[in-house]
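Below is one structure; the comments refer to it alone.
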Amino acid sequence: MPAITLPDGSVRAFEGPVTGTALAASIGPGLARAALAMEVDGALCDLSAEIATDARVRFITRKDPEALELIRHDCAHVLAEAVQALYPGTQVTIGPPIENGFYYDFHRNEPFTPEDFPAIEAKMREIVARGAPFARRVVSREEAIELFARKGERFKVELVRDLPEGEEISLYSQGEWVDLCRGPHMRSTADVGDAFKLMKVAGAYWRGKSGNPVLSRIYGTAWRDRKELDAYLTMLEEAERRDHRRIGREMGLFHLQEEATGSVFWHPRGWTLYRTVEAYMRRRLDAAGYQEVKTPQLVDRRLWEASGHWEKFRHAMFLARVEDKEEAERVYALKPMNCPCHVQIFNQGVRSYRELPLRMAEFGACHRFEPSGALHGIMRVRAFTQDDAHIFCEEHQIAAETVRFVELLSSIYRDLGFEGFRVKFSDRPEIRAGDDATWDRAEAALKEACATAGVAYELNPGEGAFYGPKLEFVLRDAIGRDWQCGTLQVDFVLPERLDATYVAEDGTRRRPVMLHRAILGSFERFLGILIEQHAGRFPLWLAPVQVVVATIVDDAAPFAEQAAAALRAAGLRVETDLRNEKINRKVVDHIEARVPVLAVVGRREAEEGSLVLRRLPGRAQEALPLAEAVGRLAEEGRAPDLARAPVAAE
RNA sequence: GCCGACGUAGCACAGCGGUAGUGCAACCGAUUCGUAAUCGGUAGGUCGCGAGUUCGAUUCUCGCCGUCGGCACCA
């Protein structure tokens, strides 16, 4: 006699078990038509499922956010059926919903190409139009294995075999076609609708393991209606326009070339942006009690052996040796990270607990031989500069230092235009240094610190560094890819390996804890994200060229030069455009170059000693006397930390 | 590293078994024109690199390098 509580609080009682379909029908014909699935006591399930006991039930319709996931999941099934219909012999594996869509991994001797998409999509539309109901069937493990083995689906057989003992094994069929699936699904393939599109093909390892066979993955996107799909596709196009590689070229910020794969050639404007961010970071670190250092680029392998990096990362280190006979046996490595070097500085002399926490910062140039497939513009490179720092502290100081760090990071991200970021907590990986007791302490300390700092995180199991757990601060690029930028890592291992000690209050020698931390991560990656975040239209303080003084007639050139000089004297980055071009043309050119302020000088301004300012790409103009324009722009162009600081006495 | 695609002038692209074009940019000239592209002219490419097939390769084949999309990796 189930009593069913609906979201409005009303309760309906039934004589016996009732299906979602029947329940919806009992409420009303509108709901019966609209319901795609239901949530029973918080768990999403098929409409055809029977409710036998008292429960709270909520129906999912196309309007609910949960519908998206159902549509995408069902669409993946439709894709798989279409592919098997068109390409016999193709084996199916898995096909989950993902952000913005779904994918399905197939095993086929010949990989798919985008040219196959029209045929596959047409077949998918047929399957949707046919509208075969999704039917769920629970089977025994033996039955499932037998079924898939008979079909020659060896990947499915492997999946079934590996399902944990006691787990219910369910099959979903849509007409003739059957897949192993946990569900839930909507009523029929017709519910998928027509707002889907196949996007790209890619290789992917079976079960994500690089030793396994490569499967052919087809990615698709799916939405509740055409309008949502179109909006998504438009968004992607816009995102492509703000790709940092494209903007980097258009704005003349940097370039990359074969002879230095994975290293950035910074051009004057790009380097100006870099220096502006670097100078800002240096001020923030100075103010936050960090001491900046600089450590060697080439370091004998012995230090990397001692730190443990040699064993784990040798394959990814650039090695150097010289031809000199005496030295020929000596192997140096370009430093892949700064921490061992910082410990060397810490280890000079005898440290006291009074010096802790000791915050040692370096804009450290590092080199790592990243796998070729990992390279991505300036966001994943082989030569990069970290805004690295190590905080040597006592264990009881971890929480307070974490709080300070998160505050600093949040403030810096905000200044640079990022309002939101995500935090991941990565705990011990399978291959690691240090014993379990040490890891227990490190993880507990970091968790406690998060609680104290009020940091909400998602767990990222097994993804910690080999020497300790870490927090990752993740920013998102223009097309929705996540990039780890900031990080905070608790390390009890390196101080041990490199024998770092300090004299504690009671006179004993102790090991400091090391907190590895970065805010930008690397300048290269962060600038890439910064470029995308602002689509190259930086706030005035960051813009490589802040003001262009453009003339309308040649007669105005001398005053334009004079105005530019006055602006430069006030600390602004200024260029002049004295070309023999119409002002219309100059406006267009500087909008395209993403210059934030255009100062126009015609005969009138030259005579009056004024500037007409226009904030590009806006249309509004404002005429100001030169001195006032200079003062105003200088004020606006100040870095946010300087703008906050009390003005020094005049 | 793995799977796939791609690599032609600074950029965006076209082309094709008979050694290459278009637009924008560049350069030269005219124009001095008040806020979203003035007009005319000129120049620019060992078609990523190397081999092979062919009478002949930018075009076909193979290898390498690089880039792009994923996967794997990311101290």
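Lettering follows sequence order; numbering is per chain, from 1.
- For the ring pair (Phe, Tyr, Trp, His ring centres under 6.0 Å) with A/Phe112, the lone residue among A/Phe117, A/Tyr87, A/Tyr103 that qualifies is A/Tyr87.
- Searching all strands for a Watson-Crick or G-U wobble partner of B/rC73 with both distances below 3.5 Å returns nothing.
- Phosphate contact (OP1/OP2 of B/rA36, side-chain N/O of A/Arg619, threshold under 4.0 Å): present.
- Across all strands shown, B/rU19 forms no Watson-Crick or G-U wobble pair with both distances under 3.5 Å.
- Pairing partner, B/rG10: B/rC24, with both Watson-Crick or wobble hydrogen-bond distances short of 3.5 Å.
- Summarising the geometry, the separation between CZ on A/Arg207 and C1' on B/rC2 is reported as 19 Å, rounded to the nearest angstrom.
- Here the C1' atom of nucleotide B/rC27 and the CZ atom of A/Arg579 are 14 Å apart, to the nearest Å.
- Here A/His376 reaches the OP1 or OP2 of B/rG69: one of its side-chain N or O atoms lies under 4.0 Å away.
- Residue A/Leu256 contributes atom CG, which lies 16 Å from atom C1' of B/rG10 at whole-angstrom precision.
- Between A/Arg245 and B/rU67, a side-chain N or O to OP1/OP2 separation shorter than 4.0 Å is absent.
- When the side-chain nitrogen and oxygen atoms of A/Arg368 are compared with OP1 and OP2 of B/rC74, none of them lie within a distance under 4.0 Å.
- Rounded to whole Å, the distance from CE on A/Met514 to P on B/rA75 is 15 Å.
- Between A/Arg585 and B/rA25 there is a side-chain polar atom (N or O) within less than 4.0 angstrom of OP1 or OP2.
- Under the Watson-Crick or G-U wobble criterion, with both distances below 3.5 Å, B/rC60 is paired with B/rG52.
- Across all strands shown, B/rA37 has no partner, as no Watson-Crick or G-U wobble contact with both distances under 3.5 Å is found.
- Atom CD of A/Glu259 is separated from atom C1' of B/rG48 by 10 Å (rounded to the nearest Å).
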Is there a salt bridge (Lys or Arg N to Asp or Glu O under 4.0 Å) between A/Arg632 and A/Glu628? Walk through the geometry before answering. CA-CA 6 Å; A/Arg632 202 182 284 188; A/Glu628 199 180 330; 3.2 Å; yes
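- Note on A/Glu636 versus A/Arg615: salt bridge recorded, some NZ/NE/NH1/NH2 to OD/OE distance being below 4.0 Å.
- For B/rG1, the OP1/OP2 oxygens have a side-chain nitrogen or oxygen of A/Ser372 closer than 4.0 Å.
- With a 3.5 Å ceiling on both atom-pair distances, B/rU32 lacks any Watson-Crick or G-U wobble partner.
- Considering only the side chain of A/Arg604, B/rG34 comes nearest among B/rG34, B/rG70, B/rA75.
- Residue A/Glu592 is classed as a base contact, given a heavy-atom separation below 4.0 Å to a base.
- When both distances must be under 3.5 Å, the Watson-Crick or G-U wobble mate of B/rC68 is B/rG4.
- A/Asn584 comes within 4.0 angstrom of the backbone, heavy atoms only, and of no base.
- Between A/Thr261 and the phosphate of B/rG66, there is a side-chain N or O to OP1/OP2 separation shorter than 4.0 Å.
- Between B/rG70 and A/Arg481, a contact under 4.0 Å exists linking OP1 or OP2 to a side-chain N or O.
- The side chain of A/Lys582 places no N or O atom within less than 4.0 Å of a non-bridging phosphate oxygen (OP1 or OP2) of B/rA36.
- Listed pair A/Lys200 / B/rG69 fails the phosphate criterion, with no side-chain N or O lying under 4.0 Å from OP1 or OP2.
- Aromatic pair A/Tyr104/A/Phe102: centroids not less than 6.0 angstrom apart.
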Given A/Gln84 and A/Glu153, is the side chain to side chain donor-acceptor pair (under 3.5 Å) satisfied, shown in steps? CA-CA 11 Å; A/Gln84 288 204 311; A/Glu153 299 282 5; 2.7 Å; yes
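- Look at CZ on A/Arg517: it is 16 Å from C1' on B/rA75, rounded to the nearest Å.
- In this structure, A/Arg614 does not reach the B/rG34 phosphate: none of its side-chain N or O atoms is under 4.0 Å from OP1 or OP2.
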